[in-house]
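Since the structure comes first, as structure tokens, the remarks are kept for the end.
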Amino acid sequence: MPELNASRLATLLDQRFDELLAAWTAEQLQVVRRGQISASDMRAQCRELLQAIRRALAAGASTRIDGQSWAAARDLLGRVSSQRAQQGFPSSETAMFVLSLKRPLFDALRRASDDADTLAADIWTVTDLLDQLALFTTETYLRSREALITRQQEDMLELSTPVVKLWDGVLALPMIGTLDSSRTQIVMESLLQRIVETGSDVAILDITGVPTVDTLTAQHLLKTVTAARLMGAECIISGIRPQIAQTIVQLGVDLGDVVTKATLADAFKLALSRIGLSVGRVRPAGAPALGAAPAARD
Amino acid sequence: MDSIPILRMGPVLLVSIQVDMHDRLALTLQEDLSDAITANGSKGVLIDISALGVVDSFMGRMLANIAGIARVLDAATVVVGMQPAVAITLVELGLSLEGVRTALNIEKGMALLQAAVAERDAVLHVMDDADGTD
Amino acid sequence: MLTARTEQIAVREQHDIVSVRQMVRSWSLAVGLGLVDLTKLVTAASEIARNTVVYGGGGTLQIEELRDGLRLGVRLVFEDQGPGIVDIDRAMTDGYSSGSGMGLGLGGTKRLVDEFDIASTPGVGTRVTITKWRSR
């Protein structure tokens with residue numbers, strides 16, 4: 001029976017295409033907030049989908065949208081919903097893109113039908129079909145949103161954790177913000193990778209900008225130091241705040257023989273000495289014109 | 001391939017592991033290296049593992065063994081080129097390769113060995129005069 | 001959860017441990033595991049395969065590609081009909097090893113994977129199942 005309904009539906013769409021399109025677009029424009037999408041774009045999307053639905057019904061004579069004849073309609077809905085996800089449409093409005101076709105279609109069916117049983121069957125077919133399409137749209141929308149969030153997270157991670165070269169053979173990783181264990185893990189991997197790429201003997205992990213660490217994060221830091229050592233490089237941790245020092249001791253995390261320094265400057269001085277360099281003054285103190293680094297204190 | 005080639009560069013033996021070794025091959029390498037240290041009177045062993053995508057506990061233990069054996073035979077060992085992913089995995093596995101010296105690459109490893117040899121023999125000349133050390 | 005494809009290979013002798021490593025590597029690449037996760041899984045497979053050969057007297061590896069919604073993963077099931085493990089808790093402790101001093105104990109191996117399950121009956125055999133999921 002659904003096959004019968006499908007072909008009848010196809011004919012209806014054929015006959016009343018323009019009328020349906022106008023009614024549907026009008027419905028849409030009520031739902032969608034102004035400025036989010038232009039009326040002509042909206043109209044074009046509606047037209048394209050309506051044509052795809054008509055062709056699918058005519059070709060496949062089936063109202064199950066996972067079939068081959070619905071590929072074009074699915075493709076279009078996929079594009080529309082991921083585009084709306086990017087533009088920040090709420091999920092309900094995205095679903096309404098399809099659902100708002102219900103009323104115009106029901107109206108058209110009612111006007112075309114003279115038999116109550118056939119009308120009921122047709123309305124059921126249309127409801128079922130549009131619900132499937134709406135669900136598909138929502139799913140695609142969610143998937144696009146998820147991909148978007150993941151990408152933004154990755155971007156943020158990259159931005160917030162630059163590995164910088166302080167000197168030939170000395171890298172530094174100034175970390176800022178809360179360290180959760182997954183972020184720490186990714187940061188550490190990129191640090192170790194940079195150590196290999198640059199052939200740096202010393203890397204400084206500066207956590208001045210980190211307010212707190214938990215046990216897992218502290219362990220990640222330690223594992224990184226150990227992994228770097230296995231690779232043949234040395235890690236110095238600098239900028240441990242007093243609260244973090246207390247946490248580390250209270251948590252019973254064994255820092256072992258990890259080298260720690262109070263400030264990044266101290267760590268840098270140590271790093272330079274490890275590669276056989278030192279910082280010295282080239283003019284007497286107080287002489288102008290020299291924006292020298294503050295003298296190292298002991 | 002039945003054995004890993006061992007190259008001799010003056011007082012240093014150089015091994016570059018390029019294949020995924022099965023356990024027997026790893027043990028053979030350990031034996032061959034012990035023999036070669038004695039036969040050549042080598043003062044250092046450099047093992048390049050930069051081509052290895054995986055070092056499991058067996059391989060890790062073999063590296064530690066080689067370092068231990070070399071030490072007994074009066075030679076220093078440096079393992080060079082461990083990949084970051086391998087290092088992270090070994091740490092997670094709980095293997096820290098105690099007693100094994102490491103360097104980032106062959107150049108740095110060589111420098112480390114030369115320094116170790118020089119320190120031991122005080123006379124740097126040994127480096128150039130590979131023959132006649134026995 | 002869905003098993004997209006599966007394959008079984010023998011784990012009988014030392015050479016097979018190398019084959020296990022190579023196979024797990026190529027399956028991990030197919031699923032898209034990152035380099036560190038891939039290295040961890042291959043290393044874990046190597047450890048368990050050695051146990052299967054040395055203590056289990058040989059057995060099999062069944063490798064499965066998993067799909068759970070959007071998540072992809074690799075599952076490895078090692079099975080042998082060896083003597084089995086009497087005290088699993090002890091075998092899981094770090095630093096524990098029986099016999100010839102091989103194997104780090106399974107505790108370290110467990111840390112390399114996302115899911116770890118071991119079932120062993122003395123006299124019947126051992127089955128170790130490990131899974132690694134692709135992190136997003």
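Lettering follows sequence order; numbering is per chain, from 1.
Taking non-hydrogen atoms and a 4.5 Å limit, the residue list of residues 15-27 of chain C in contact with chain B, ordered by number, reads C:His15, C:Ile17, C:Val18, C:Arg21, C:Gln22, C:Arg25.
Between B:Val54 and the choices C:Val42, C:Leu41, C:Leu38, the side chain to side chain contact (heavy atoms under 4.5 Å, CB included) rule is met once, by C:Val42.
Using a 4.5 Å cut-off between heavy atoms, B:Met59 makes no contact with chain C at all.
C:Glu115 meets the side chain to side chain donor-acceptor pair (under 3.5 Å) test with C:Arg75, C:Trp133; sequence neighbours excluded. When the salt bridge (charged side-chain N to carboxylate O under 4.0 Å, His left out) test is applied to C:Asp68, the partners found at least two apart in sequence or on another chain are C:Arg71.
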For residues 66-88 of chain B, please give each side-chain donor-acceptor pair under 3.5 Å, one per line with the distance, not counting sequence neighbours.
from    : atom 1 : to       : atom 2 : distance (Å)
B:Arg71 : NH2    : B:Gly99  : O      : 3.1
B:Asp74 : OD1    : B:Arg120 : NH1    : 2.8
B:Asp74 : OD2    : B:Lys43  : NZ     : 3.4
B:Gln83 : NE2    : B:Ser50  : O      : 2.9

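Using a distance-only test at 3.5 Å, with no hydrogens or angles considered, a donor-acceptor pair links the side chain of C:Glu47 to the main chain of B:Ser57.
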### Task
Determine, step by step, whether C:Arg50 and B:Asp56 satisfy the side chain to side chain contact (heavy atoms under 4.5 Å, CB included) criterion, reporting the C-alpha distance in whole Å, the side-chain angles of both residues, the deciding distance to 0.1 Å, and the verdict.
CA-CA 10 Å; C:Arg50 186 171 294 104; B:Asp56 65 4; 2.8 Å; yes
### Task
Please lay out, stage by stage, how B:Leu93 and C:Leu112 fare under the test side chain to side chain contact (heavy atoms under 4.5 Å, CB included).
CA-CA 7 Å; B:Leu93 198 55; C:Leu112 297 179; 3.6 Å; yes
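The line from NZ of C:Lys40 to OG1 of B:Thr89 is 6.0 Å long, rounded to the nearest 0.5 Å. Atom CG in B:Leu90 sits 10.0 Å away from atom OG1 in C:Thr39 (nearest 0.5 Å).
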